[in-house]
Amino acid sequence: MSACTPTRPSDPTPTHRAHPPHSPPPAPRRRFRVAGEDVSASIAVFLIALPLSLGIALATGAPLQAGLVAAAVGGLVAGRLGGSALQVSGPAAGLTVVTADLIQRYGWRTTCAITVLAGLAQLGLGCLRVARTALAVSPAIVHGMLAGIGVTIAVAQLHIVLGGSPQSSVLDNVRALPAQLANLHPAAVAVSVLTLALLLLWPRLPGPAGRLLRKVPAPLVAVAGATATASLTGLTLPRVELPSWRSHALAGLPEGPALGLVAAVLTITLVCSVQSLLGAVAVDKLVASRPGPARRVHRSDLDRELLGQGAANIVSGALGGLPVAGVAVRSTANVNSGAVSRNSTMLHGVLVVVAALLMVPVLELIPLASLAALVMAVGIQMVSLHHIRTVTRHREVLVYAATTLGVVLLGVLQGVALGIAVAVATALHRLTRTRITHDEQEGVHHVRVRGQLTFLAVPRLSRALHLVPHGAHAVVELDGSFMDHAAYESLQDWQKTHTAQGGTAEFTGRRGGISLTPGDGADTARMTEVAGMTETETEVYGPTEVYGPTGVAGPAGLSATTGCRCRPWTPWRNHQCERPPTAPESAPSTASGTTASSDAGATPGTAAGADTGPRTDPGPGSDTATATGTGTGTGTGTQPDCGRDGRPATPPDPGRGGHRLARGISAFQRNTAPLVRGELARLAREGQRPSQLFLTCADSRLVTSMITSSGPGDLFVVRNVGNLVPLPGAESGDDSVAAAIEYAVEVLQVRSITVCGHSGCGAMQALLGSEPGGAQTPLRRWLRHGRPSLERMADDSRPWAGLAGREPADAVEQLCLTNVVQQLEHLRAHESVARALAAGALELHGMYFHVGEAQAYLLTGAEEGQVFDHVREVDDVPV
């Protein structure tokens with residue numbers, strides 16, 4: 001068999017590819033299998049959940065078994081029914097204050113009934129599909145609520161750490177603290193200090209041995225170490241008491257004032273729902289940023305997550321457990337331990353059940369002071385310095401502080417309501433607070449508007465504008481994202497008057513410019529950018545609009561005579577609308593016509609007609625486009641050519657490529673350079689610091705910055721025919737690629753290297769069609785570095801690379817996929833890459849881009865089965 005043959009030898013035995021090439025593979029038989037990653041993750045989560053569940057139950061004043069019930073139900077029920085595969089639910093520290101208040105006010109059995117009712121309310125909200133609404137709550141309110149709860153927990157547990165008992169409120173605990181300090185219990189303090197020391201120092205153990213020991217969760221080590229020390233030294237301390245399950249209290253009928261019970265149900269529902277939904281979003285972020293190849297985990301279904309949390313609260317409350325919510329600490333441990341499905345959460349629930357039934361004698365050795373110290377540390381961690389810095393940066397520290405103080409002094413529901421009120425007041429203040437200044441610099445009058453421009457600011461805006469003398473040049477800078485109609489008309493009227501009196505006006509904005517096109521009346525006036533009315537037009541018309549005495553738009557404007565409308569999705573085409581072929585002057589244009597242009601921005605061949613027909617654009621990298629239009633009326637079939645500035649321009653001679661190049665450079669200098677000049681100046685000062693080396697094909701359809709959403713300085717790009725990586729020292733090797741790799745890894749210190757192939761690769765087609773012998777042209781000599789990919793595809797002993805969900809369309813696509821895998825092996829053979837991989841400073845990625853589908857695939861499989869999977873959207877919701 002020739003090495004160029006892409007097929008495998010005939011095999012009488014059926015294989016998994018025994019289905020038509022374009023049909024989906026047969027569905028495998030469903031078997032219940034638990035991945036090894038899920039087993040190890042469930043053990044890690046269980047070891048964290050066990051002491052925390054007991055500690056939270058202790059902090060609320062509930063029976064200690066209630067914490068174990070909630071942990072088991074959260075793992076089994078919420079883990080199975082919830083919408084987040086990797087979020088772990090159970091008794092949460094964020095519910096400690098609420099639950100403790102309910103137990104003290106209504107008793108334990110009524111608190112369980114309130115938990116059941118809260119679960120029913122969550123089911124109702126889930127059925128109404130309002131889960132996304134909870135994400136509208138300001139993160140400052142959520143972080144402030146958690147900080148307030150953390151302060152309350154820490155102050156209360158401090159009394160137990162010192163050997164006493166907590167009071168009913170934060171103020172009472174603070175007042176009683178001096179007396180408690182005067183009556184220290186040395187044994188309780190010693191155990192608590194040991195617990196905190198282990199909790200803080202264990203994650204910081206140095207060296208290889210420390211890296212191995214850190215796999216054991218710090219909470220387990222802290223509680224186990226304190227328990228062993230207390231038992232071996234014979235310290236007399238209050239310890240965990242787990243009564244018989246036969247006497248475990250279940251939910252009873254709610255007793256108390258109806259209004260108070262309704263408020264309690266609403267509080268539990270609010271806190272559980274918001275914490276669980278925000279936790280699910282945070283888990284999605286952790287999964288998306290998890291390094292290395294991993295099985296694809298679906299994004300969270302928030303409405304289903306709300307239903308799962310509701311079902312878990314109903315079961316937990318009915319069985320005498322604490323309220324259940326998504327828990328950040330356990331969820332983070334689950335993701336970081338490599339969990340790949342909801343089986344890890346469910347297995348952790350099973351382990352909690354086994355421990356509750358079989359480990360009661362061991363659990364009863366744990367000192368209460370150790371659990372109190374653990375929960376106190378969790379409460380302190382809920383006051384996150386990172387969150388404080390974030391809200392300060394976004395000028396929401398007032399909302400954060402009001403929510404925190406409200407929760408500490410008034411209660412959770414009242415604190416959240418106070419935070420919402422402060423957030424609304426702050427938003428209204430920002431909406432109405434607008435700074436307008438006027439100054440003159442070198443004969444140019446600057447009017448600066450900081451903030452939102454509404455009708456409330458129109459009087460001040462008018463006064464500032466009228467300070468500009470007649471005939472002067474004025475620059476109006478609008479730094480805001482909103483402008484209402486009253487402000488728009490005020491600006492338009494002033495601009496018309498000012499230009500009519502011989503002056504000029506220039507409008508600039510934070511995201512570009514505005515366009516005020518004066519004409520014969522209000523019908524011709526247009527404004528873009530500041531109010532966000534037409535962002536696509538902002539991209540077309542440029543960053544600045546200048547109007548002179550004639551009222552005609554300057555270089556960055558759109559001439560009213562051209563009628564050019566460039567497509568907003570063709571920025572890489574320089575927005576060049578070139579003249580279509582013209583019909584003879586004696587023949588009027590037809591009602592419908594098809595024209596071919598040399599640019600994607602071509603316009604229909606009917607000058608007076610309306611462009612209502614379908615339009616086809618082959619995309620970037622293509623030299624031709626087809627436009628079909630239908631219209632009414634007659635004309636010569638010609639229309640002026642216009643660039644991005646909208647002014648008529650002479651169409652380039654097809655034989656003069658330099659004219660097209662010059663026009664593109666001119667468009668860049670005029671429209672794009674002002675927007676990127678600051679960033680490029682910074683890169684010029686600091687030097688390039690790319691994060692990855694991107695090695696791809698020289699095909700003109702691959703726009704690397706567009707595919708990866710990258711900007712200047714992000715990618716160190718190496719392009720060649722076929723995205724090939726010659727082996728070091730190979731015959732007729734190419735040192736240019738090796739030099740680029742060495743420079744990127746050792747000098748630029750990139751953190752990842754991506755080899756990107758693509759569909760319809762001409763190099764792979766040439767490789768498949770090559771025959772042995774023949775003249776050794778430069779192309780044939782270069783393609784010799786792709787022969788190992790061809791041999792790999794023809795080798796029966798090696799697995800084929802494939803696409804998730806379908807078979808490769810043909811042999812060319814199969815070779816494109818195989819070539820990416822093979823070139824990654826070539827990369828590993830380079831000495832600089834091998835050293836960086838061994839040090840853990842570099843990652844290798846394989847990528848395949850299907851041009852026709854505009855779909856990217858990432859290599860996710862292991863050596864046993866190379867699979868290129870879809871890259872799907874990832875929400876970036878701040879939490």
What one should report as the nearest heavy-atom pair of Pro166 and Ala156 is CB-O, 3.4 Å
Checklist entry - With no hydrogens and no angle check, is any side-chain donor or acceptor of Arg682 less than 3.5 Å from a backbone partner on Gly678? => result no
| message | Check whether Ser462 reaches the backbone of Val458 with its side chain - one donor and one acceptor, N or O, closer than 3.5 Å. | response | no
Is there a side-chain contact between Leu322 and Thr115, using heavy atoms and a 4.5 Å cut-off? no
Check: Taking side chain as C-beta onward, heavy atoms only, is Thr754 less than 4.5 Å from Leu715?
Finding: no
*Step by step, work out the side-chain contact (heavy atoms from CB on, under 4.5 Å) result for Val327 and Val88.*
CA-CA 6 Å; Val327 188; Val88 180; 5.7 Å; no
In this structure, CG of Leu198 is separated from CG of Leu374 (nearest 0.5 Å) by 11.5 Å
Rounded to the nearest 0.5 Å, the CD1 atom of Ile141 sits from the CD1 atom of Ile420 at a distance of 5.0 Å
Smallest heavy-atom separation, Ala59 atom then Ala100 atom, equals O-CB, 4.3 Å
* Asked: Is the backbone N or O of Phe507 less than 3.5 Å from a side-chain atom of Glu477, with the two atoms forming a donor-acceptor pair by type?
  -> no
State whether the side chain of Asp714 and the backbone N or O of Gly711 hold a donor-acceptor pair below 3.5 Å, judged by distance alone. yes
### Query
Got Ile56 and Leu58 here, is their nearest side-chain heavy-atom distance under 4.5 Å?
no
Q) Quick one: do the Gln122 and Ser273 side chains pair a donor with an acceptor below 3.5 Å? A) yes
For Ala486 and Phe455 the tightest heavy-atom approach is CB-CB, 3.8 Å
Separation between OG (Ser84) and CZ (Arg299), nearest 0.5 Å, reads 12.0 Å
Check your understanding: Judged by atom type as modelled, is there a donor-acceptor pair below 3.5 Å linking the side chain of Asp479 to the main-chain atoms of Arg450?
Key -> no
- Task: Report, as yes or no, whether the 6.0 Å neighbourhood of atom CZ on Arg214 holds more than 12 heavy atoms from other residues, nucleotides or ligands.
- Result: yes
* To do: Ignoring hydrogens and angles, tell me if any N or O in the side chain of Thr60 forms a donor-acceptor pair with the backbone of Ala57 under 3.5 Å.
  => yes
> Hey, does Leu409 have a side-chain heavy atom less than 4.5 Å from the side chain of Leu171?
Replying inline: yes
>> With a 3.5 Å distance limit and no angle check, can you tell me whether Asn334 reaches the backbone of Arg330 through a side-chain donor-acceptor pair?
In response: no
Side-chain contact test, heavy atoms from C-beta onward, threshold under 4.5 Å: evaluate it for Ile149 versus Met382 and give yes or no. yes
**Item:** Ser300 backbone acceptor or donor facing Asp284 side chain under 3.5 Å
**Value:** yes
All heavy atoms of Ala402 vs all of Leu418, minimum pair found to be O-CD2, 3.5 Å
Checklist entry - What's the verdict on side-chain contact (heavy atoms from CB on, under 4.5 Å) for Val407 and Val97, showing C-alpha distance, side-chain angles and the deciding distance? => result CA-CA 9 Å; Val407 170; Val97 176; 5.8 Å; no
One should read off an interatomic distance between Thr403 OG1 and His143 NE2, to the nearest 0.5 angstrom, of 11.0 Å
query: Counting only heavy atoms not in Arg460, do more than 12 fall under 6.0 Å of its CZ?
result: yes
Nearest heavy-atom contact between Leu461 and Ser490 is CD2-OG, 4.3 Å
- Query: In terms of side-chain heavy atoms, does Gln157 have a donor or acceptor partner in His159 at a distance below 3.5 Å?
  - Reply: no
task = Tell me, with the steps shown, if Ser331 and Leu86 meet side-chain contact (heavy atoms from CB on, under 4.5 Å).
result = CA-CA 7 Å; Ser331 300; Leu86 301 187; over 6 Å; no
**Message:** Does any part of the side chain of Met376, heavy atoms only, come nearer than 4.5 Å to the side chain of Leu158, both counted from C-beta?
**Reply:** yes
* Is Arg751 atom CZ crowded by more than 12 heavy atoms from other residues, nucleotides or ligands, each under 6.0 Å away? -> no
Interatomic distance, CZ@Phe716 vs CD@Gln688, rounded to 0.5 Å, equals 6.0 Å
* To do: Kindly indicate whether the side chain of Glu440, heavy atoms from C-beta on, has any atom under 4.5 Å from the side chain of Val444.
  => no
Closest heavy-atom pair, Ala369 versus Val161, reported as atoms and distance to 0.1 Å, is O-CG2, 4.4 Å
- Query: Counting distance only, does the side-chain N/O of Gln87 pair as donor-acceptor with the main-chain N or O of Ser276 below 3.5 Å?
  - Reply: yes
The reported gap from CG in Leu199 to CG in Leu220 (rounded to nearest 0.5 angstrom) is 11.0 Å
Donor-acceptor contact below 3.5 Å, side chain His348 vs main chain Thr345: yes
Using the side-chain contact (heavy atoms from CB on, under 4.5 Å) rule, take Ile153 and Val378 through it: C-alpha gap first, then chi angles, then the decisive distance, then the call.
CA-CA 9 Å; Ile153 292 172; Val378 172; over 6 Å; no
Could you tell me whether the side chain of Leu491 reaches within less than 4.5 Å of the side chain of Leu465, counting heavy atoms only?
yes
Evaluate His438 against His446 for side-chain hydrogen bond (donor to acceptor under 3.5 Å, both in side chains), listing each step before the verdict. CA-CA 6 Å; His438 168 268; His446 295 266; over 6 Å; no
task: Could you verify whether a donor N or O on one side chain and an acceptor N or O on the other, from Asp484 and Thr454, lie under 3.5 Å apart?
output: no
